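Here the structure comes first, spelled out in structure tokens, and everything after it is commentary.
Because the structure is a prediction, the values reported are computed rather than measured. We number each residue from 1, following the sequence as shown.
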Amino acid sequence: MNHKLKIVLRSIVIFCIVVLIIDAFVLFLYKDNNTKKTYFDSINGFEILEDSYIAVGSNNNNENGFEKAKITLYDENDNKKWEKLYNNKYNSSYFSVKKDNDSYIAVGSIEKNKKEHEDGVRSVLIVKYDLDGEKIVENTFQVLGNSKFTNVLVVDDGYLVVGQSIYENMTLGFSDEGGGFIVKYDKNLKEIARSNYGGSKSGIYNDIIINGEFLYTVGKDASNVGIVSKYTPNLERINTVNYEFTDSFGFTGMVSDGNYLYVVGGKKVKEDKQDYDTDGLLVKYDLDLNKIGEATYKKDGMERFNRVLLDDKQNIVIAGQTGVYNKKKSTDKVNVFSYDGILAKYDTDLKEQFIEIYGDEKDDYFTDIKLKKNGYLISGYSTYDDHSYVANFIHYTKSGKLIGGK
């Protein structure tokens, strides 16, 4: 064999080895990325107690990676005092919690069954805990299949809960028994009354308040139509008004100063199938559901207002979200957005006081907001690794200055 042929053969062998090494490395990365566990831990809602916070949400910190509803007690320094997971075979989550004398009331949803690689049918879930986080009693119901409770309100003789029960996306049929729900329970979680509004495929109530002798709820009806409803204490619906157009979540929060309602959500800018261009939305109604005015907030993409409170100076304070298109991470098939939190303050004439954006190169989500003695407390979750999330609290002064954190 001549020298030139030896060099050619040696080059071919080296090239093949390099190709095999690259293929092996790519296969390793593929397997690693597809077997790597995506961890999440979220707070969806909370209440401030005398010297602590009670919070609810979910995480998947278990062997099978199922989402588990959780209730957690934090001290004033945001440290966990205890945490309890709802022991269900499949997925579950809590969305709201309230304290009632010597107990906590948590509401959400629970999977009853599922098939491999498919989500199971969810039922609404309401659970009563003692002050140590031990379960006292629970109840569920399901009308059309895809059901959940989103918020709960404590009243003298029980609990008012709102949510939805609609057909799954692939389920055919029509029923006037579905849509957004308002349900009343006694203190032992026995159902007293219920009322629904919407349809088989749409309708949800996301929040509820009492103003005088009437109940008010907010949510979504048909695609991109926000709704505000007024009820009697016996759950008889007096009126419902539509707002066109919202994003796919509809109205998600509401507060009242006694004379007016202030409702928040995301305003849809374009009538298309996507929600890639929305504005943070604040709408003012009178108690007969006549629209008085609105204010919007626009940044660079998908803005929405999630939760709202009225502070001790009669200011409207809002926790919201902004999502901006991330060109570097997006592909031809997948649009990727970078998310930051929004803290907004308006007066009751809907005049903007300030807008503060919270976030960095990672994603940050704001889910709830409460008034503290010296400021505002926001719950949420943030990414700390690729596709992994950790729950957190964010503290602000009443002037909108961030206390600690990023």
Side-chain angles (χ1 to χ4, degrees), residues 44-50 53-56 69 71 94-109 124-131 133 135-141 143 147-165 179-197 203-219 227-240 251-263 285 287-289 307-310 368-371:
N44 296 325
F46 73 101
E47 287 289 303
I48 296 180
L49 310 177
E50 185 176 349
Y53 323 133
I54 188 69
V56 292
I71 180 169
Y94 288 139
F95 300 111
S96 180
V97 64
K98 295 292 188 299
K99 185 177 185 293
D100 179 29
N101 296 321
D102 57 352
S103 63
Y104 303 120
I105 307 300
V107 298
S109 67
V124 300
L125 177 65
I126 179 169
V127 183
K128 190 171 188 175
Y129 292 90
D130 66 20
L131 298 184
K135 190 191 305 181
I136 300 172
V137 63
E138 68 177 84
N139 201 351
T140 65
F141 84 78
V143 178
S147 308
K148 65 180 178 181
F149 279 154
T150 56
N151 226 312
V152 58
L153 191 64
V154 177
V155 292
D156 291 340
D157 57 347
Y159 311 105
L160 292 166
V161 191
V162 291
Q164 77 170 171
S165 187
F181 270 84
I182 175 171
V183 184
K184 186 171 184 179
Y185 292 92
D186 67 15
K187 296 290 183 176
N188 297 313
L189 302 192
K190 180 181 178 181
E191 184 179 325
I192 299 173
R194 72 167 71 168
S195 180
N196 70 295
Y197 177 81
I204 185 171
Y205 285 140
N206 292 312
D207 201 2
I208 178 172
I209 65 170
I210 297 177
N211 190 318
E213 60 179 302
F214 297 105
L215 313 175
Y216 294 89
T217 62
V218 293
I227 56 174
V228 187
S229 296
K230 182 177 182 178
Y231 286 87
T232 69
N234 296 323
L235 307 192
E236 296 175 356
R237 188 169 59 87
I238 299 172
N239 188 22
T240 295
F251 288 137
T252 48
M254 172 177 49
V255 72
S256 175
D257 63 1
N259 298 311
Y260 297 98
L261 307 173
Y262 302 92
V263 178
Y285 293 91
L287 299 184
D288 292 321
L289 306 189
R307 292 294 182 188
V308 58
L309 63 82
L310 197 72
D368 202 0
I369 183 169
K370 295 293 187 294
L371 177 65

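- Residues passing the ring-ring contact (aromatic ring centres under 6.0 Å, His included) test with F95, sequence neighbours excluded: none.
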Could you please spell out the steps behind the side chain to side chain contact (heavy atoms under 4.5 Å, CB included) verdict for V155 and I210? CA-CA 9 Å; V155 292; I210 297 177; 3.6 Å; yes

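- Between D207 atom CG and T252 atom OG1 the span is 8.0 Å, to the nearest 0.5 Å.
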Start with the C-alpha distance between Y129 and I136, add both sets of side-chain angles, then the distance that settles side chain to side chain contact (heavy atoms under 4.5 Å, CB included), and finish with yes or no. CA-CA 5 Å; Y129 292 90; I136 300 172; 5.7 Å; no

Checking V255 against I209 for the side chain to side chain contact (heavy atoms under 4.5 Å, CB included) test, could you report, in this order, the C-alpha distance in whole Å, the side-chain angles of both residues, the deciding distance, and whether it holds? CA-CA 7 Å; V255 72; I209 65 170; 5.9 Å; no

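- Applying the salt bridge (charged side-chain N to carboxylate O under 4.0 Å, His left out) test to E236 and every residue at least two apart in sequence or in another chain returns nothing.
- For F181, the ring-ring contact (aromatic ring centres under 6.0 Å, His included) partners are F141, not counting sequence neighbours.
- A search for side-chain hydrogen bond (donor to acceptor under 3.5 Å, both in side chains) contacts involving Y205 returns S229, Y231, not counting sequence neighbours.
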Mind running side-chain hydrogen bond (donor to acceptor under 3.5 Å, both in side chains) on K98 and Y159 for me, showing each step along the way? CA-CA 10 Å; K98 295 292 188 299; Y159 311 105; over 6 Å; no

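- Residues forming a salt bridge (charged side-chain N to carboxylate O under 4.0 Å, His left out) with K184 (at least two apart in sequence, or on another chain): D157.
- At least one side-chain heavy atom of L289 sits under 4.5 Å from a side-chain heavy atom of L261.
- To the nearest 0.5 Å, atoms OG1 (T140) and CD1 (I126) are separated by 11.0 Å.
- Rounding to the nearest 0.5 angstrom, the gap separating the CG atom in L235 from the OG atom in S195 is 6.0 Å.
- When atom types are taken as modelled, the side chain of D257 and the backbone of N259 share a donor-acceptor pair closer than 3.5 angstrom.
- The minimum heavy-atom distance linking V308 with I369 is given by the pair N-CG2, 4.2 Å.
- At least one side-chain heavy atom of V107 sits under 4.5 Å from a side-chain heavy atom of S96.
- Counting only distance, with no hydrogens or angles, the side chain of N206 and the backbone of G219 share no donor-acceptor pair below 3.5 Å.
- Every residue was checked against the ring-ring contact (aromatic ring centres under 6.0 Å, His included) condition with F214, not counting sequence neighbours, and none meets it.
- Nearest heavy-atom pair, N44 versus Y94, reported as atom, atom and distance to 0.1 Å: ND2-O, 2.8 Å.
- In this view, K135 and E138 satisfy the side-chain hydrogen bond (donor to acceptor under 3.5 Å, both in side chains) rule, not counting sequence neighbours.
- The shortest distance between side-chain heavy atoms of N139 and Y185 falls below 4.5 Å.
- Judged by distance alone, the side chains of Y216 and N211 never bring a donor and an acceptor atom under 3.5 Å apart.
- Side-chain contact check for D288 versus K230: some heavy-atom pair is nearer than 4.5 Å.
- Atom CG in L287 sits 6.0 Å away from atom OG in S256 (nearest 0.5 Å).
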Evaluate the side chain to side chain contact (heavy atoms under 4.5 Å, CB included) criterion for residues Y285 and V263: first the C-alpha distance (whole Å), next the side-chain angles of each, then the deciding distance (0.1 Å), finally the verdict. CA-CA 8 Å; Y285 293 91; V263 178; 4.0 Å; yes

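- With sequence neighbours left out, T150 forms a side-chain hydrogen bond (donor to acceptor under 3.5 Å, both in side chains) with no residue at all.
- Considering CZ of R237 and OH of Y197, their distance stands at 5.5 Å, rounded to 0.5 Å.
- When the ring-ring contact (aromatic ring centres under 6.0 Å, His included) test is applied to Y53, the partners found at least two apart in sequence or on another chain are F393.
- The two atoms that bring S147 and S165 nearest to each other are OG-OG, 2.6 Å, heavy atoms only.
- Applying the salt bridge (charged side-chain N to carboxylate O under 4.0 Å, His left out) criterion to D100, with sequence neighbours excluded, gives K187.
- Considering only residues two or more places apart in sequence or on other chains, D156 meets the salt bridge (charged side-chain N to carboxylate O under 4.0 Å, His left out) condition with none of them.
- A distance of 11.5 Å separates OG1 of T217 from CD1 of I204, quoted to the nearest 0.5 Å.
- Closest heavy-atom contact between N101 and L131: O-CD2, 4.2 Å.
- Contact check for I182 versus R194: no side-chain heavy atoms found under the 4.5 Å cut-off.
- Across all their heavy atoms, V137 and L189 have their closest contact at O-CD1, 3.5 Å.
- Among all heavy-atom pairs drawn from G203 and Q164, the shortest one is O-NE2, 3.0 Å.
- For D368, the side-chain hydrogen bond (donor to acceptor under 3.5 Å, both in side chains) criterion is met by K370, not counting sequence neighbours.
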